[in-house]
Amino acid sequence: MMKALTLPDGRTLNYTVRQSARAKYLRMQLHPNKGLVVTQPAGIGSRQVHDWVNSQLAWVATTLSKIERETPPATTDSPLPERLELLASGESLRVIYTPTARKNIGLDYVAHHTLTLSGAISDPEHCQFALRHWLRGYAQLHLGKQLQQLADETGLRYTRCSVKGQQTRWGSCSSSGNINLNYKLMLLPPEWVRYTLIHELCHTVEMNHSKRFWALVTQFAPGYEAIHAAMKGAMGRLPGWVNGA
C-alpha cells in the first residue's frame, strides 16, 4: 500500500506500508532505491501507522538528506550534474541551468546554495567546460589558501602554487618548489586533500619517494597509508563531466 508523507521542507515523499504477521513492532527503513518502507505488525491499525510515521518526520528528513549526500549522482541519463558536492570545502551547491538569449554561458555563484549557468546551455559539452572552468577558479582560491596554511603549519616552503586539470595526478612539485594541484581535489574528502598538499610540500625537501620522504610525510600526516591506498583509482570514479568525458 503506497501513501504520501509531507516533509518539513514541503517535499512529498511516497512510502510503502508492508504488512507482516511476524513483526512485533512498527518499524521503517529508508532505502536509496526502494524509498521509505514501513512495516505494519498484525493488530496495528492504519490510523496508528499514520500517526507513528508522522511522528518520525525528523528522522526521515535527516536520513533522506544523508542518503542524497552519499549517493553518487547518476551519470547515465544526463551528462550534467544537478548538484556539486564540494567535499573539500564543505559546500553543497544546487546547479541550475537557465536558457537565455546570450550566446555564451554566464555563471552566478551563491555560496553554500546555488551555481546558476545561464545563456547558451543547450550544448552539454559547453556547460561541462563552463563548470570545469568555474571549479578551477574555485579550487585556486581554496586550495591555494589551504596550501599556505599548511606551509605555515609545517615550516615547509614552496615557491608558487598553480591549479590545473591533470588527468592522472592529484598534484606535483618541481625542483624549483613550484606546486601544481588538481582542481578535482575539491570533490574529495578534506583529509584526502590535506594529505595530498602535505605530500607535495614534502617534495620541496625530498624530490623522490625515498624512506626519508615518507618519514617526513609521516611527521605531518601520521597514518597517511590508509588515505594513500584509498585514493588509488579515485580519479576514474569521478563524474564524467569533471574529467571532460
Side-chain angles (χ1 to χ4, degrees), residues 4-14 32-33 35 60-147 160-171 180-190 192-193 196 234-245:
L5 181 67
T6 302
L7 299 178
D9 62 4
R11 287 188 296 172
T12 299
L13 177 68
N14 292 327
N33 298 323
V60 173
T62 300
T63 306
L64 181 61
S65 295
K66 181 179 179 183
I67 289 174
E68 289 175 341
R69 288 195 305 269
E70 296 179 351
T71 302
T75 58
T76 54
D77 296 331
S78 173
L80 299 175
E82 296 180 358
R83 296 199 72 86
L84 282 188
E85 299 297 343
L86 303 169
L87 302 181
S89 60
E91 283 204 69
S92 177
L93 301 175
R94 180 186 172 204
V95 185
I96 302 172
Y97 303 91
T98 304
T100 67
R102 64 185 298 170
K103 296 182 180 180
N104 57 0
I105 295 178
L107 291 98
D108 181 37
Y109 162 61
V110 179
H112 297 280
H113 188 51
T114 56
L115 179 65
T116 301
L117 281 71
S118 59
I121 63 166
S122 59
D123 189 331
E125 289 188 6
H126 289 172
C127 290
Q128 289 178 359
F129 178 84
L131 286 169
R132 290 194 298 270
H133 180 77
W134 178 86
L135 185 57
R136 181 172 176 174
Y138 180 94
Q140 182 74 59
L141 175 64
H142 287 269
L143 294 178
K145 181 178 179 180
Q146 186 175 356
L147 185 67
R160 186 178 59 188
C161 173
S162 299
V163 172
K164 300 181 178 181
Q166 303 95 314
Q167 292 299 315
T168 59
R169 291 184 177 186
W170 295 113
N180 293 321
L181 299 173
N182 198 320
Y183 66 76
K184 301 166 194 174
L185 285 166
M186 297 308 306
L187 304 179
L188 303 186
W192 291 21
V193 178
T196 301
M235 188 92 65
R237 297 192 295 270
L238 294 177
W241 70 266
V242 80
N243 283 318

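Values reported hereafter were calculated over all heavy atoms of this structure, with side chains retained and with hydrogens, waters and symmetry mates removed.
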Any L87 side-chain heavy atom under 4.5 Å of W192 side chain: no
Rounded distance (nearest 0.5 Å) linking atom CG of N180 with atom CZ of R160: 8.0 Å
Given side chain to side chain contact (heavy atoms under 4.5 Å, CB included), test L13 with V60 step by step and report yes or no. CA-CA 10 Å; L13 177 68; V60 173; 3.7 Å; yes
Is there a side-chain contact between I105 and H126 (heavy atoms, below 4.5 Å)? yes
Could you tell me if the side chain of K164 sits less than 4.5 Å from the side chain of L181, heavy atoms only? no
Between K184 and V242, is any pair of side-chain heavy atoms under 4.5 Å apart? yes
Could you tell me whether a side-chain N or O of Q128 sits under 3.5 Å from a main-chain N or O of P79, the two making a donor and an acceptor? yes
For A88, what residues pass the side chain to side chain contact (heavy atoms under 4.5 Å, CB included) criterion, not counting sequence neighbours? M186, V193
How long is the gap from CG on N182 to OG1 on T168, to the nearest 0.5 Å? 9.0 Å
Which atom pairs, one a donor and one an acceptor, fall under 3.5 Å between side chains of residues 111-124 and the rest of the protein, sequence neighbours left out?
{"unit_1": "D123", "atom_1": "OD1", "unit_2": "E125", "atom_2": "N", "d": "2.9"}

Between W241 and L135, is any pair of side-chain heavy atoms under 4.5 Å apart? yes
Quick one: CG on L185 to CD on Q146, what's the gap to the nearest 0.5 Å? 9.0 Å
Apply ring pair (Phe, Tyr, Trp, His ring centres under 6.0 Å) to W170 and list each qualifying residue two or more places apart in sequence or on a separate chain. none
Minimum heavy-atom separation for G165 to Y183, with atom names? CA-CE2, 3.3 Å
For T62, what residues pass the side-chain hydrogen bond (donor to acceptor under 3.5 Å, both in side chains) criterion, not counting sequence neighbours? none
Do W134 and L84 come within less than 4.5 Å of each other through their side chains, counting heavy atoms only? yes
Which heavy atom of R136 sits nearest a heavy atom of V163, and at what distance? NE-O, 2.9 Å
Do any pairs count as a salt bridge (Lys or Arg N to Asp or Glu O under 4.0 Å) and have a residue in residues 90-118, sequence neighbours left out, and if so which ones? none
Is any side-chain heavy atom of L238 closer than 4.5 Å to one of L187? yes
Any P81 side-chain heavy atom under 4.5 Å of L131 side chain: yes
Excluding sequence neighbours, so at least two apart, what forms side chain to side chain contact (heavy atoms under 4.5 Å, CB included) with F129? R132
